[in-house]
2 protein chains.
Amino acid sequence: MIVPLGRALSAAEEPVLRAHDLSMWAYIVLTALAERPMRTQAALARAIGADKTRIIGVLDDLQERGLIQRRPDPADRRMRVLSLTAAGQRAHRSTQAAIRAREERLLARLGAADRQGFLRALQVLSALPPEEIVGG
Amino acid sequence: MIVPLGRALSAAEEPVLRAHDLSMWAYIVLTALAERPMRTQAALARAIGADKTRIIGVLDDLQERGLIQRRPDPADRRMRVLSLTAAGQRAHRSTQAAIRAREERLLARLGAADRQGFLRALQVLSALPPEEIVGG
DNA sequence: TATTGTTATACTCTATAACTATA
DNA sequence: TATAGTTATAGAGTATAACAATA
């Protein structure tokens with residue numbers, strides 16, 4: 001049930017993201033960096049559950065459009081310090097608002113109790129480390 | 001949250017499926033046919049949200065292993081009537097039991113109220129036609 | 001030598017289009 | 001001609017491996 005639902009929700013959010021000129025991964029990256037800047041790209045990749053090679057193109061694009069900053073760390077120039085620009089923060093906030101409005105319309109279909117249980121269950125299960133899910 | 005969770009759950013169920021020699025799609029097909037036999041492959045594909053070409057290899061394999069029957073409809077020999085064999089029913093039941101046991105262990109982490117809300121919310125949202133999800 | 005990021009390559013999954021057979 | 005199923009092909013998304021820069 002969850003996998004098809006995830007697909008449907010992704011499909012539902014795609015028009016919203018396109019309207020804000022962001023790919024799904026770009027939005028995920030902005031969301032992660034909005035929570036806190038990262039010292040390396042590998043750390044960002046881990047945080048969002050992506051391969052480190054997967055996000056390079058995304059970062060290239062976001063940087064080119066001035067939504068993120070990506071500078072070599074002066075202390076260790078192998079690393080790239082990542083953070084949102086002011087424009088990036090604005091883009092993230094407006095996109096997130098649009099997505100939340102859409103989610104709100106869907107959650108309105110649920111009873112208050114189910115809704116709360118659903119969101120709490122998602123948080124609990126998402127917070128589990130993968131080993132615990134696999135191991136049961 | 002839902003998409004990564006779905007990925008994690010899929011990954012968690014994979015060892016169980018492998019132990020029963022079934023792919024994810026094979027299991028989905030068996031589950032659909034356990035509910036009710038289908039008159040055409042296209043109907044099955046629609047029912048499980050897959051492309052009609054996607055399931056052909058799956059059906060080939062299941063038929064070869066004697067888990068499903070797939071016979072031309074005498075009334076219209078273009079169509080293939082699909083149904084589980086006795087062995088297919090057994091395979092489905094034992095695999096489903098193993099998967100449910102694993103799900104049970106995960107759901108045990110939730111409070112009773114959250115758990116009920118979570119499952120009901122999943123049912124409600126999954127039952128929504130795609131248009132309503134996209135349209136909001 | 002070990003690590004960060006990058007590029008190039010291969011692999012998996014899925015969808016599209018062309019084909020066969022029945023009607 | 002239209003439909004069910006099949007096959008072959010191409011596309012997107014992802015992961016793996018080799019490479020360059022820095023430590």
Side-chain angles (χ1 to χ4, degrees), chain A residues 2-11 13-15 17-18 22-29 32-33 37-64 68-83 130, chain B residues 2-11 13-15 17-18 22-29 32-33 37-64 68-83 130:
Chain A
I2 293 182
V3 172
L5 180 59
R7 262 203 285 269
L9 291 176
S10 299
E13 291 179 357
E14 207 169 286
L17 292 172
R18 227 189 345 256
L22 292 175
S23 70
M24 180 66 76
W25 279 115
Y27 175 65
I28 293 174
V29 164
L33 292 180
M38 301 269 179
R39 283 190 57 247
T40 73
Q41 296 183 184
L44 172 62
R46 259 196 314 279
I48 65 179
D51 195 89
K52 66 174 180 174
T53 64
R54 181 72 196 72
I55 60 173
I56 292 177
V58 178
L59 296 176
D60 288 347
D61 177 60
L62 290 175
Q63 182 181 26
E64 206 167 289
I68 66 170
Q69 254 194 341
R70 184 206 219 169
R71 303 171 329 179
D73 183 339
D76 182 340
R77 292 211 307 284
R78 291 175 301 183
M79 304 176 173
R80 305 296 153 87
V81 179
L82 302 170
S83 60
Chain B
I2 292 182
V3 171
L5 179 60
R7 262 203 285 269
L9 291 177
S10 299
E13 292 179 356
E14 209 169 287
L17 291 172
R18 230 191 340 258
L22 291 175
S23 70
M24 180 66 77
W25 279 114
Y27 175 65
I28 293 174
V29 164
L33 292 180
M38 300 267 179
R39 282 190 57 248
T40 72
Q41 296 183 186
L44 172 61
R46 259 197 314 279
I48 65 179
D51 194 271
K52 66 174 180 172
T53 65
R54 181 71 196 74
I55 60 174
I56 292 177
V58 178
L59 296 176
D60 288 347
D61 177 59
L62 290 175
Q63 182 181 26
E64 207 169 287
I68 66 170
Q69 254 193 341
R70 186 206 218 170
R71 304 170 327 180
D73 183 337
D76 183 338
R77 293 212 306 285
R78 291 175 300 184
M79 304 176 174
R80 304 296 152 87
V81 180
L82 302 170
S83 60

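Proteins come first, then strands; the chains are lettered A, B, ... in the order of their sequence lines, and each starts at number 1. Just so it is clear, the structure is predicted and the values come from calculations on it, not from any experiment.
- In this structure, B:Leu44 atom CG and D:dA4 atom P are separated by 14 Å, rounded to whole Å.
- Every residue meeting the salt bridge (charged side-chain N to carboxylate O under 4.0 Å, His left out) condition with A:Arg78, not counting sequence neighbours, appears here in chain and number order: A:Asp76.
- Annotation: salt bridge (charged side-chain N to carboxylate O under 4.0 Å, His left out) contacts of B:Arg70 (sequence neighbours excluded): B:Asp60.
- Atom pair B:Gln41:CD and D:dG5:C1' shows a separation of 6 Å (rounding to whole Å applied).
- When the side chain to side chain donor-acceptor pair (under 3.5 Å) test is applied to A:Arg46, no partner is found at least two apart in sequence or on another chain.
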At under 4.0 Å between heavy atoms, which parts of nucleotides 11-23 of chain C does protein reach? Answer with one letter per nucleotide, 5' to 3': B base, S sugar-phosphate only, - none. ---SBBB----BS
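- Distance, A:Leu82 CG to C:dG5 P: 8 Å, rounded to whole Å.
- For the side chain to side chain donor-acceptor pair (under 3.5 Å) test, no residue two or more places apart in sequence or in another chain qualifies with A:Ser83.
- Going from atom CZ of B:Arg70 over to atom P of D:dA4 covers 15 Å, rounded to whole Å.
- In this structure, the side chains of A:Arg80 and A:Asp73 stay at 4.5 Å or more apart for every pair of heavy atoms.
- Overall bending of the helix from C:dT1-D:dA23 to C:dA23-D:dT1, expressed as the angle between end axes built from five pairs apiece, is 20° (10° steps).
- Distance, A:Arg71 CZ to C:dT4 C1': 17 Å, rounded to whole Å.
- Following rounding to the nearest Å, A:Met24 (CE) and D:dA12 (P) show an atom-to-atom distance of 17 Å.
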